[in-house]
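A quick write-up on the structure given underneath.
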Number of protein chains: 2
Amino acid sequence: MTVTLADVAARAQVSPATVSRVLNGNYPVAATTRERVLRAVDELDYVLNGPASALAAATSDLVGILVNDIADPFFGIMASAIQSEIGGPGGRAGGERLAVVCNTGGDPERELTYLTLLQRQRAAAVVLTGGAVENEPHAAAVAAKLRKLGEAGTRVVLCGRPPAPDTRAIALTFDNRGGGRELTEHLIGLGHRRLGYIAGPEERTTTRHRLEGHRAALAAAGIEEDPRWTVHGRYDRRAGHEATLELLRRDPSLTAVVAANDSVALGACAALRESGLRIPEDVSVAGFDDLPFSIDAVPSLTTVRLPLAEAGARAGRIAMGREEPPPGGIAVVRGELMVRGSSGVPRG
Amino acid sequence: MTVTLADVAARAQVSPATVSRVLNGNYPVAATTRERVLRAVDELDYVLNGPASALAAATSDLVGILVNDIADPFFGIMASAIQSEIGGPGGRAGGERLAVVCNTGGDPERELTYLTLLQRQRAAAVVLTGGAVENEPHAAAVAAKLRKLGEAGTRVVLCGRPPAPDTRAIALTFDNRGGGRELTEHLIGLGHRRLGYIAGPEERTTTRHRLEGHRAALAAAGIEEDPRWTVHGRYDRRAGHEATLELLRRDPSLTAVVAANDSVALGACAALRESGLRIPEDVSVAGFDDLPFSIDAVPSLTTVRLPLAEAGARAGRIAMGREEPPPGGIAVVRGELMVRGSSGVPRG
DNA sequence: AGCGTTACAGCAAGCGCTTTCTATCCAAGA
DNA sequence: TCTTGGATAGAAAGCGCTTGCTGTAACGCT
């Protein structure tokens with residue numbers, strides 16, 4: 001039925017071992033023999049049995065990429081960059097590897113399950129992107145899993161995620177706190193004193209860090225924060241829309257709205273506009289990430305650019321062992337403040 | 001070193017066969033025995049060896065999802081929907097399956113290579129999303145691959161892609177032609193007579209179909225198309241930006257610009273605005289797909305909504321054999337015209 | 001000419017699991 | 001009481017490939 005290595009060997013009049021070596025190319029095989037084998041492979045339309053090789057060689061060419069939400073360009077961009085370096089087909093890396101993008105949907109359970117599945121497949125490497133969930137038992141479970149993976153020889157890289165202590169995981173962390181702080185400082189510098197903040201889901205490192213940066217800026221400027229000024233929501237436009245309406249209801253005198261990310265900011269803009277408020281004349285808006293569409297917003301969005309593609313590419317290279325991990329296994333990737341049209345001097 | 005089935009068996013004082021049966025749960029095992037095995041699994045922290053089971057059982061639980069560009073929400077949304085139905089962790093489907101998202105980057109080579117890789121892994125199913133490349137040799141190669149996959153028992157589903165004749169592939173095709181036509185008819189109905197069209201990359205079915213729909217509408221209205229009115233480019237905002245500038249240069253009298261998709265339309269809006277033109281007073285703009293950000297554009301984008309998530313979910317269910325394929329193996333998914341602020345009556 | 005080398009090619013032993021077939025035990029029917 | 005059969009558990013034969021080790025020519029050296 002299905003063509004096996006043995007069939008190819010028979011056809012090429014060589015031993016299965018030789019066929020295997022031709023296909024894997026890490027053992028000297030005479031040119032003429034190789035040719036004969038290759039011809040047989042072609043004629044029989046032979047395709048290697050992945051599981052069988054993985055089993056025999058005790059290694060696989062799967063690389064897992066965990067993302068919170070694959071429909072969100074934030075992750076899409078990172079995944080794309082990682083994948084291009086994994087050297088899947090087209091990448092310059094020799095061995096063809098299958099990059100597996102796993103969508104956790106931000107659910108801790110699924111994250112863990114995917115990790116187990118990857119472990120089961122004996123993945124060559126795993127890259128976890130995006131913020132982690134801040135929930136002690138879960139964090140411990142993930143750390144344990146990562147440790148296991150590391151011990152089993154799977155390279156683990158965290159991209160845009162805080163370091164995981166006691167694991168061999170390499171971490172490329174985004175400086176969310178610093179970015180958040182810089183952003184709010186910019187707004188304060190423009191004269192804003194009453195700033196609403198639309199945070200992401202609670203229990204997320206990303207959410208917390210950005211918010212902490214924001215608060216640090218307020219504190220540094222001697223602005224006392226009103227608890228009504230912070231609203232939590234998901235990382236999408238809809239949440240931004242609703243949260244903004246809520247913010248406006250709580251305190252109509254706000255002159256700026258800082259959003260957890262660009263999508264949220266977009267929703268905020270829509271809500272403000274619907275409320276008859278002009279941006280930035282009446283209310284300034286700021287986002288985070290600088291996704292491609294942010295520059296096309298009207299007015300274009302003031303935000304913090306995160307080098308998603310660069311970080312992803314680097315994570316990918318490290319995962320493939322093609323780049324030295326940063327000293328200490330941890331590198332902080334900084335964001336860059338992008339001042340654009342959505343932020344301005346507050347009215348009156 | 002690594003814990004194997006045999007280790008668990010030894011610890012639970014049963015045979016490996018029994019452990020396997022407990023883990024796969026398709027054979028009667030006494031409750032007490034099962035419990036004992038499960039405890040051993042837990043104590044030893046045992047994780048099944050995926051490749052080994054796949055080899056022994058001659059099946060795998062991998063499901064491949066091919067996308068053109070994972071950083072593009074168009075694909076992200078579909079992939080997300082497909083994945084949720086694949087029943088990866090969290091899905092209600094029993095067996096835990098690993099959904100593999102493969103990023104072809106729109107490159108025919110890579111598409112083929114990924115298909116081979118998936119074939120090599122003996123994937124349980126494969127879903128190909130997005131338009132196909134219109135290049136005879138390549139199309140034939142893909143069709144051959146799909147046929148092979150089908151014969152090997154892999155379920156193949158095309159989502160948002162034209163049918164592949166002579167294969168067992170189930171196709172959920174988007175009615176790009178109809179949508180394109182409806183969109184342009186809307187514009188013509190508003191009074192537009194000189195419409196620029198920013199098409200996607202050449203040699204793509206999606207590109208051609210949308211363009212054909214556009215032209216059909218023009219023809220039906222008796223409008224003779226000026227060849228200068230069409231420009232090709234990639235499916236991103238940058239291409240839209242550049243193409244619009246080019247269009248304006250070629251014919252400043254255009255009153256509408258129809259874009260290949262929403263991202264392109266966003267770029268077009270930016271270019272128009274930079275050129276001092278108001279939307280829709282001076283020039284109307286229309287997109288395609290209705291991605292989430294389209295409604296937040298200013299003005300919000302007139303576009304054709306494609307039920308990406310629904311189609312993806314359906315494709316996923318069909319791939320898992322949880323839903324009957326459409327009669328004839330082909331279903332056409334229609335888009336819905338969304339008239340919004342970016343289209344209006346032409347000036348003068 | 002004799003012998004150590006080098007360069008290939010083949011043998012065969014697994015890799016860790018699934019599954020068919022067989023053995024065993026015990027309750028129930030004759 | 002003996003038989004029959006249902007319910008479990010085990011033995012063992014692979015699944016298709018990789019790889020360490022073992023040949024075996026052909027080559028070059030002294």
Side-chain angles (χ1 to χ4, degrees), chain A residues 1-38 40-41 44-62 95-96 117 119-124 152-153, chain B residues 1-38 40-41 44-62 95-96 117 119-124 152-153:
Chain A
M1 256 266 302
T2 42
V3 184
T4 73
L5 235 210
D7 299 329
V8 176
R11 172 138 198 152
Q13 317 238 52
V14 296
S15 73
T18 301
V19 177
S20 171
R21 299 204 258 244
V22 167
L23 262 24
N24 291 296
N26 40 224
Y27 191 88
V29 174
T32 61
T33 313
R34 176 199 316 289
E35 187 128 333
R36 202 142 35 90
V37 171
L38 256 18
V41 166
L44 295 178
D45 218 352
Y46 171 68
V47 176
L48 201 62
N49 181 316
S53 352
L55 173 58
T59 64
S60 110
D61 47 9
L62 237 61
E96 274 159 3
L117 240 33
Q119 180 184 10
R120 174 176 302 182
Q121 298 298 330
R122 306 299 190 251
Chain B
M1 256 264 302
T2 42
V3 184
T4 72
L5 236 209
D7 299 330
V8 176
R11 172 142 200 151
Q13 316 238 54
V14 297
S15 74
T18 302
V19 178
S20 171
R21 298 201 259 243
V22 167
L23 262 23
N24 291 296
N26 40 225
Y27 190 89
V29 173
T32 62
T33 312
R34 176 199 316 290
E35 187 130 331
R36 201 143 33 90
V37 170
L38 256 18
V41 166
L44 295 178
D45 218 353
Y46 172 68
V47 175
L48 201 62
N49 182 317
S53 348
L55 173 57
T59 62
S60 113
D61 48 9
L62 237 61
E96 273 160 1
L117 239 34
Q119 180 183 9
R120 177 176 299 182
Q121 299 297 332
R122 306 299 189 251

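None of these values were measured; they are calculated from a predicted model. Residue numbers start from 1 in every chain, and the chains themselves are labelled A, B, ... in the order their sequence lines are given, proteins ahead of strands.
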Item to check | Counterpart residues, salt bridge (Lys or Arg N to Asp or Glu O under 4.0 Å), relative to B:R21 (two or more places apart) | outcome: none
Checklist outcome for this item: Residues passing the side chain to side chain donor-acceptor pair (under 3.5 Å) test with A:S20, sequence neighbours excluded, are A:N24
Checklist entry - Which listed nucleotide (C:dT19, C:dG10, D:dT19) is nearest to the side chain of A:S15? => result C:dG10
Checklist entry - Taking only residues two or more places apart in sequence, or in another chain, which ones meet B:S53 in a side chain to side chain donor-acceptor pair (under 3.5 Å)? => result none
Checklist entry - Quick one: does B:R21 reach the base of C:dT20 with a side-chain donor-acceptor pair under 3.5 Å? => result yes
Checklist outcome for this item: Hits for side chain to side chain contact (heavy atoms under 4.5 Å, CB included) against A:S15, two or more places apart or cross-chain, chain-then-number order -> A:A17, A:T18
Nucleotides 14-16 of chain C: which of its N/O atoms have a protein N/O under 3.5 Å away?
residue : atom : partner : partner atom : Å
C:dC15  : O2   : A:A56   : N            : 3.4

Item to check | For A:A40, all residues meeting side chain to side chain contact (heavy atoms under 4.5 Å, CB included), sequence neighbours excluded | outcome: A:V8, A:R11, A:A12
Checklist entry - Listed by chain and number, what are the salt bridge (Lys or Arg N to Asp or Glu O under 4.0 Å) partners of A:R34, not counting sequence neighbours? => result none
Checklist entry - Roughly, in whole Å, what's the span from CD in B:E35 to C1' in D:dT8? => result 17 Å
Checklist entry - Between residues 23-34 of chain A and DNA chain C, which residues have a heavy-atom gap below 4.0 Å? => result A:Y27, A:P28, A:V29, A:A30, A:T33
Checklist outcome for this item: residues 52-62 of chain A vs salt bridge (Lys or Arg N to Asp or Glu O under 4.0 Å), sequence neighbours excluded, gives none
Next on the checklist: Under the criterion side chain to side chain contact (heavy atoms under 4.5 Å, CB included), I'd like the reasoning laid out for A:D45 against A:V3: C-alpha separation, chi angles, the key distance, then a yes or no.
Outcome noted: CA-CA 8 Å; A:D45 218 352; A:V3 184; over 6 Å; no
Next on the checklist: Tell me whether the side-chain N/O atoms of B:T18 come closer than 4.0 Å to OP1 or OP2 in D:dG10.
Outcome noted: yes
